[in-house]
Amino acid sequence: MTWLYVPGDRPEVVAKALHCGADVVVVDLEDAVAPDRKDRALRATAELLSDPAPGTAPVHVRVNALDGPLAETEIRTLAALPGLAGLRLPKVQGPADIHRAAGWATTAAQPAAGPALTGRLATGRRPRTPAAAVSSRTTGTAHPAHAARTARTARTAAPGSATATLTPAAPAPAAVPATPALYALLESALGIEHAFAIATAHPALRGIALGEADLATELGVRDEAGLAWPRSRTVVAARAAGLAPPPQSVYPDVADLDGLARSCARGRALGFLGRAAIHPRQLPVIEAAHLPSPEEVEAAAEIVRAAGAEGGAQALPDGRFVDAAVVAGARRVLSLAERRS
């Protein structure tokens, strides 16, 4: 529901953010960090994520642009660390960007040349991933033919001999390294055009979202009306790919909470769910705007009760028509409402 961005070069701010109530804390190595502090931000983030449970909220990291000089080192450095719950990939233009990032992540045990890291991170060793973190990663297995050859033990015997010998099995092939959950940020016209292809590019791709500031600049958009189509395109692409509804992009004015609430209401009407934030004071406003109202909950409960009692399509006393799709929507409303309890 809420994704709170914090600058990666300020560990004291990150530490506070981990306990402020956000559903996900996003440590930002990109826009929030000055060029001369990028190395410091990476080292601080790697140290944080060496802890399997760095805080009460999952930690994602937004790396720098994939076509720039920093992203490969950042991904290789962070991908295998046990405290990482996801990587957010900025300025994704097409499926090739997702495959490139996934490739870097699965070779995290062999860091690329880049800023020197100290301590155990400089060894390139892959820390053990706790069981709780396995669900956020996509694992690979050896090809069936390789597995069969490895598991097979040949029993041989000399002609005329009753004594059989066992041929030692070949060493088991190494498992394909786990890929952390990946999230693509669409921030260009080309990224929007490729939205569905990006959303279906890789099994580790768990979500897409808009980066509206860069997109609006590229499109020459002067107000929110100009972003209506890219927003709807992103929602449709995510749902068509079987992904969760995307969260809204950040609302930059942290003092305008009324404006944030109105913007969230418009986003919810378009199919977004939740929003990225840049200050803790925005979190309760985002949650309140995206959760169903008491009236919506009551209406949804009535639909579910009617469907359970009668079954099939029917009309409620107030004239509303209820079918399977309407019931499914009502169940989603009730599921979201559980967050209030």
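Here the structure is a predicted model, which means the values were calculated and not measured.
- Within the structure, ring-ring contact (aromatic ring centres under 6.0 Å, His included) contacts touching residues 68-102 (residues at least two apart or in different chains) are His99-His202.
- Contact between Pro95 and Ile198 at its shortest, heavy atoms only, is N-CG1, 4.0 Å.
- Between the side chain of Ser263 and the backbone N or O of Gly259 there is no donor-acceptor pair closer than 3.5 Å.
- Between Leu18 and Thr56 the shortest heavy-atom distance is O-OG1, 2.7 Å.
- In terms of heavy atoms, Pro230 sits closest to Leu219 at CG-CD1, 4.3 Å.
- Taking all atoms of both residues into account, the shortest heavy-atom contact from Ala277 to Leu283 is CB-CD2, 3.9 Å.
- Residues satisfying the side-chain hydrogen bond (donor to acceptor under 3.5 Å, both in side chains) test with Arg100, not counting sequence neighbours, are Asp97.
- A distance-only check finds no donor-acceptor pair linking the side chain of Lys91 to the backbone of Leu66 [under 3.5 Å].
- Judged as a salt bridge (charged side-chain N to carboxylate O under 4.0 Å, His left out), and not counting sequence neighbours, the contacts of Arg10 are Glu12.
- In this view, His60 and Tyr183 satisfy the ring-ring contact (aromatic ring centres under 6.0 Å, His included) rule, not counting sequence neighbours.
- Using a distance-only test at 3.5 Å, with no hydrogens or angles considered, no donor-acceptor pair links the side chain of Arg275 to the main chain of Thr2.
- Partners of Arg62 according to the side-chain hydrogen bond (donor to acceptor under 3.5 Å, both in side chains) rule, which considers only residues two or more places apart in sequence or in another chain, are Asp28, Glu30.
- Every side-chain contact (heavy atoms from CB on, under 4.5 Å) that Ala301 has, sequence neighbours left out, goes to Arg305, Leu334.
- With values rounded to the nearest 0.5 angstrom, Thr45 atom OG1 is found 4.5 Å from Leu29 atom CG.
- Note on residues 13-22: no pairs pass side-chain hydrogen bond (donor to acceptor under 3.5 Å, both in side chains), not counting sequence neighbours.
- Distance CG/Asp31 to CD1/Ile278: 11.0 Å, rounded to 0.5 Å.
- In this structure, Asp51 contributes its side chain and Gly83 its backbone to no donor-acceptor pair below 3.5 Å.
- Counting only heavy atoms from C-beta outward, the side chains of Pro280 and Leu4 approach each other to under 4.5 Å.
- Judged by distance alone, with hydrogens and angles left aside, the side-chain atoms of Glu74 form a donor-acceptor pair with the main-chain N or O of Asn64 at under 3.5 Å.
- When the salt bridge (charged side-chain N to carboxylate O under 4.0 Å, His left out) test is applied to Glu193, no partner is found at least two apart in sequence or on another chain.
- No donor-acceptor distance shorter than 3.5 angstrom exists from the side chain of Ser335 to the backbone of Arg331, with no hydrogens or angles considered.
- Taking Arg231 as the reference, Glu212, Glu224 meet the side-chain hydrogen bond (donor to acceptor under 3.5 Å, both in side chains) condition, with sequence neighbours excluded.
- Atom CD of Glu218 is surrounded by more than 12 heavy atoms from other residues, nucleotides or ligands within 6.0 Å.
- Here the closest heavy-atom approach between residue Arg88 and residue Ala209 is recorded as NH2-CB, 4.4 Å.
- Shown here are the salt bridge (charged side-chain N to carboxylate O under 4.0 Å, His left out) partners of Asp23, two or more places apart in sequence or in another chain: Arg339.
- In plain terms, the two heavy atoms of Pro82 and Ser50 that are nearest each other are CG-O, 3.5 Å.
- With rounding to the nearest 0.5 angstrom, the SG atom of Cys264 is 5.0 Å from the CD1 atom of Ile286.
- Side chain of Arg239 to backbone of Leu243: a donor-acceptor contact under 3.5 angstrom is found.
- With sequence neighbours excluded, no residue forms a salt bridge (charged side-chain N to carboxylate O under 4.0 Å, His left out) with Arg281.
- In this view, Tyr5 satisfies the ring-ring contact (aromatic ring centres under 6.0 Å, His included) rule with no residue, not counting sequence neighbours.
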